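These notes are about the structure you will find just below.
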Amino acid sequence: VDSTYPGYDPAVIDDGIINAFGGTATTWASAESTTNPHWIVINFSSPRNISNATIYWAYNNVRARYSTSMQVDVQYWNGNTYQTIASMTNPSGLHYSNSSVTFTPVTTTSLRFWQPANMGDINYSTIIWLTEIDYASSETCSEPYNNPPCECISNNELQTSITHWHLGDININQIISNIRKWKICSA
């Protein structure tokens, strides 16, 4: 990440927990900047085929709405530089719980989510504030199932995600996704 607002931890960006209302425990915010862009980089240990991305936005309790950015570019590392593959745009400044894009699959070792300067939430444009980033491939899994895009999860990981769902830390869509990953990998 380019920066972090005091009290927040970037580890929550890609931890599988979607809880927009959790404050510093489940959301992350960049530091404020009127002149610099904000960015988040997700690195993979081996090349991954990616064809969609979603940002789940944090909920601003003071303003009673989600902090949906006006623009975030999804970029992939091509071996030399980051290339923009898709943009999440919200020029009207509406307040959505998440923003998603689907694009032609790319194989990469890194994704970058790039918010241009002053393109955050319409009422707080100098930061980016979110609870989770999700990315995946629309490819069909084939053996061996532990290779991307299958993203297998174990019985213990599935049980842990169900526990988090019962606690309200993640939503039903994340549980469904995890059950699919577990089912494919258990076949």
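Computed from a prediction, not measured in an experiment: that's the story for all the values here.
Across every non-hydrogen atom of Arg65 and Asn123, the tightest pair is NH2-OD1, 3.0 Å. Taking every heavy atom of both residues into account, Thr84 and Gln75 meet most closely at OG1-NE2, 3.1 Å. Taking both residues in full, the closest heavy atoms of Ala31 and Ile127 are given as O-CG2, 3.9 Å, listed atom of the first, atom of the second, then distance. Shown here for Ala117 and Thr34, the closest heavy-atom pair between the two residues is CB-O, 4.2 Å. Annotation for Val1 and Thr4: closest pair CG2-OG1, 3.6 Å, computed over non-hydrogen atoms. A pairwise comparison of heavy atoms in Thr109 and Ser46 identifies CG2-C, 4.4 Å as the closest pair.
For the ring pair (Phe, Tyr, Trp, His ring centres under 6.0 Å) test with Tyr66, the passing option among Trp57, Tyr59, Tyr56 is Tyr59; the others fail. A ring pair (Phe, Tyr, Trp, His ring centres under 6.0 Å) with Tyr135 holds for exactly one of Phe113, Phe44, Tyr76; it is Phe44. A side chain to side chain donor-acceptor pair (under 3.5 Å) with Ser100 is found for exactly one of Thr54, Asn52, Asp134, namely Thr54.
Residues Trp114 and Met70 do not share a hydrophobic cluster, defined by chaining ILVMFWY side chains whose heavy atoms lie under 4.5 Å apart. Linking ILVMFWY residues whenever their side-chain heavy atoms come closer than 4.5 Å, directly or via other members, places Val106 and Ile42 in the same cluster. Taking hydrophobic clusters as Ile, Leu, Val, Met, Phe, Trp and Tyr residues chained together by side-chain heavy-atom distances below 4.5 Å, Ile18 does not share a cluster with Trp165. A continuous path of Ile, Leu, Val, Met, Phe, Trp and Tyr side chains, each step under 4.5 Å between heavy atoms, connects Tyr124 with Ile55, placing both in one hydrophobic cluster. In this structure, Val74 is not a member of the same hydrophobic cluster as Met119, with clusters built from ILVMFWY side-chain heavy atoms closer than 4.5 Å.
Here CD of Gln115 is found 8.5 Å from OG of Ser125. Values are rounded to the nearest 0.5 Å. Interatomic distance, Asn61 CG to Phe21 CZ, rounded to the nearest 0.5 Å: 7.5 Å. Note that CG of Leu111 is 10.0 Å distant from CD1 of Ile85, once rounded to the nearest 0.5 Å.
Taking a 6.0 Å sphere around CH2 of Trp77, one finds it holds more than 12 heavy atoms contributed by other residues, nucleotides or ligands.
At a threshold of 4.5 Å between non-hydrogen side-chain atoms, the residues Trp28 and Ile40 count as touching. A heavy-atom distance below 4.5 Å is not found between the side chains of Asp121 and Asn60. Taking the side chain as every heavy atom from C-beta outward, Asn36 and Asp2 never approach each other to under 4.5 Å. Counting heavy atoms from C-beta outward, Met88 and Ser69 have side chains that stay 4.5 Å or more apart. Side-chain contact between Ser33 and Thr126: absent, with no pair of heavy atoms (C-beta onward) separated by less than 4.5 Å. Val12 places none of its side-chain heavy atoms less than 4.5 Å from the side chain of Ile17. No side-chain heavy atom of Asn78 sits under 4.5 Å from any side-chain heavy atom of Thr108. Residues Glu132 and Asp14 meet the side-chain proximity criterion, which asks for heavy atoms closer than 4.5 Å.
Under the side-chain hydrogen bond (donor to acceptor under 3.5 Å, both in side chains) criterion, Tyr82 pairs with Ser110, not counting sequence neighbours. With sequence neighbours left out, Ser30 forms a side-chain hydrogen bond (donor to acceptor under 3.5 Å, both in side chains) with His38.
Identified under the ring pair (Phe, Tyr, Trp, His ring centres under 6.0 Å) test for residues 85-106, with sequence neighbours left out: none.
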